[in-house]
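Inspection log for the structure reproduced underneath, given as structure tokens.
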Amino acid sequence: MATEKISVYNLADLKNTSDDAIPNYLNSLKFKQSHFLADVRLALGYSAVVVAGACFAWDYKFGFESTKIYTVIAVVLYMLLNGALTLWMSMVEKGTVYQGLAPSGEKITISTKANKNDPTYLVTITVEPKKGGVQVIELAKPFAAFFDETGRFVAAPFQEILASAIPAIGKQDPKRVKIVSQDKLDANPELLEAVLAASAADGSASGAEPTEKKAGKRRKA
């Protein structure tokens, strides 16, 4: 897909562009994205804005002296809401950029970060199967792996990284799975079947037909 060029030296732009690509990719694979975390963050933020706006309106219309009690209440509410918003973002969201449900039933939470002066995209994926324990997958990939030298995002290698590392994604997009270890395939039979099906589809699509060997005629002495 075509994307706008960004500065390859701006870590914030590199991270934000990569973060935006995750929901676009997963939603295209029929994942059902949950907006609960973002909805709570927006509710807290807008509530603080409403309180501040109401406080200004009271003071403008009735004057400070007649509304100072309401102003004190509004200031306290504003501080509480902003404190709750800060705690929500730091303690609950923790850099989460995607939360959703895979078609196969797993719940997936993806959080990302990029450390200062380090052009590495750090991704933590938490997978909660319908049955069984929680699996945590950590990835560390240089931004240069999916941005070209002009600063344009390249989707294919980015999607290959996710599909190859996360079985729930690989099962939905087996053609993007690259260099998967045999242990990972053995541990995930459905992923193995998907990869084999994709390979078979590629073979049939190429139109290659087996050649028959023709027996040569014997020379008569």
Side-chain angles (χ1 to χ4, degrees), residues 1 3 6 11-55 73-115 120-141 143 146 153 155 158-174 176-177 188 190-191 194:
M1 64 178 180
T3 59
I6 62 173
L11 286 179
D13 284 349
L14 292 170
K15 180 183 180 300
N16 291 336
T17 301
S18 304
D19 290 347
D20 291 342
I22 291 175
N24 290 338
Y25 176 46
L26 297 188
N27 292 341
S28 72
L29 299 178
K30 308 304 181 184
F31 280 64
K32 293 182 179 179
Q33 184 176 3
S34 169
H35 299 281
F36 173 73
L37 296 177
D39 288 344
V40 172
R41 172 162 38 89
L42 290 173
L44 290 171
Y46 282 126
S47 297
V49 172
V50 169
V51 170
C55 181
I73 296 173
V75 170
V76 172
L77 284 175
Y78 182 82
M79 293 174 62
L80 290 174
L81 288 169
N82 272 281
L85 177 61
T86 300
L87 289 174
W88 180 263
M89 294 176 64
S90 61
M91 303 298 293
V92 180
E93 287 192 358
K94 296 181 179 179
T96 299
V97 298
Y98 187 88
Q99 194 173 63
L101 195 67
S104 50
E106 298 96 330
K107 179 182 177 182
I108 292 183
T109 302
I110 301 177
S111 60
T112 66
K113 67 177 182 178
N115 295 325
T120 303
Y121 193 47
L122 304 174
V123 186
T124 301
I125 307 100
T126 303
V127 182
E128 300 178 36
K130 291 184 292 186
K131 295 181 180 179
V134 176
Q135 180 186 15
V136 178
I137 302 169
E138 294 185 347
L139 301 176
K141 296 293 181 180
F143 286 108
F146 40 85
F153 178 78
F158 183 80
Q159 294 171 357
E160 288 172 1
I161 291 170
L162 294 177
S164 301
I166 308 169
I169 298 176
K171 284 185 287 187
Q172 298 304 123
D173 194 9
R176 293 292 189 196
V177 177
N188 296 275
E190 294 181 7
L191 176 59

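- To the nearest 0.5 Å, the span separating CD1 on Ile125 from OG on Ser111 amounts to 8.0 Å.
- Below 30°, between 30° and 60°, or above 60°: for Tyr121 and Phe158 the angle between ring planes is between 30° and 60°, a tilted geometry.
- For Trp88 against Leu44, the heavy-atom pair with the smallest separation is CB-CD1, 4.2 Å.
- The aromatic rings of Phe146 and Phe153 sit perpendicular to each other, their planes meeting at more than 60°, with 30° as the lower class boundary.
- If you take CG on Leu101 and CG on Leu26, they are separated by 12.0 Å, rounding to the nearest 0.5 Å.
- A pairwise comparison of heavy atoms in Leu29 and Pro103 identifies O-CG, 3.6 Å as the closest pair.
- Of all the heavy atoms in Ala140 and Leu122, the pair that sits closest is CB-CD2, 3.7 Å.
- In this structure, Arg41 CZ and Thr86 OG1 are separated by 12.0 Å, a value rounded to the nearest 0.5 Å.
- With rounding to the nearest 0.5 Å, the separation of OG1 in Thr120 from NZ in Lys113 is 11.5 Å.
- At least one side-chain heavy atom of Leu81 sits less than 4.5 Å from a side-chain heavy atom of Val51.
- The nearest pair of heavy atoms linking Tyr25 to Arg176 is OH-CG, 3.9 Å.
- The side-chain heavy atoms of Leu139 and Ile161, taken from C-beta on, include a pair separated by under 4.5 Å.
- Side chains of Thr124 and Ile110 form no contact here, defined as non-hydrogen atoms less than 4.5 Å apart.
- In this structure, a donor-acceptor pair under 3.5 Å is present between the side chains of Tyr98 and Asn27.
- Between Ile137 and Pro167, the shortest heavy-atom contact is CD1-CD, 4.2 Å.
- Heavy atoms only, all atoms of each residue included: Phe31 and Ala168 are closest at CZ-O, 3.8 Å.
- To the nearest 0.5 angstrom, Ile22 atom CD1 is 6.0 Å from Thr112 atom OG1.
- Between atom CD of residue Gln135 and atom CD1 of residue Ile166 there is a gap of 9.0 Å, rounded to the nearest 0.5 Å.
- By the salt bridge (Lys or Arg N to Asp or Glu O under 4.0 Å) test, Lys15 pairs with Asp19, sequence neighbours left out.
- A salt bridge between Lys171 and Glu106 is present, with a side-chain N of the basic residue lying under 4.0 Å from a carboxylate O of the acidic one.
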For the pair Leu37 and Gln99, evaluate side chain to side chain contact (heavy atoms under 4.5 Å, CB included) and give the outcome as yes or no after the intermediate values. CA-CA 8 Å; Leu37 296 177; Gln99 194 173 63; 3.9 Å; yes
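- Judged by distance alone, the side chain of Asp173 and the main-chain N or O of Ile169 form no donor-acceptor pair under 3.5 Å.
- Proximity of Thr126 to Ile108: side-chain heavy atoms (C-beta onward) are nowhere separated by under 4.5 Å.
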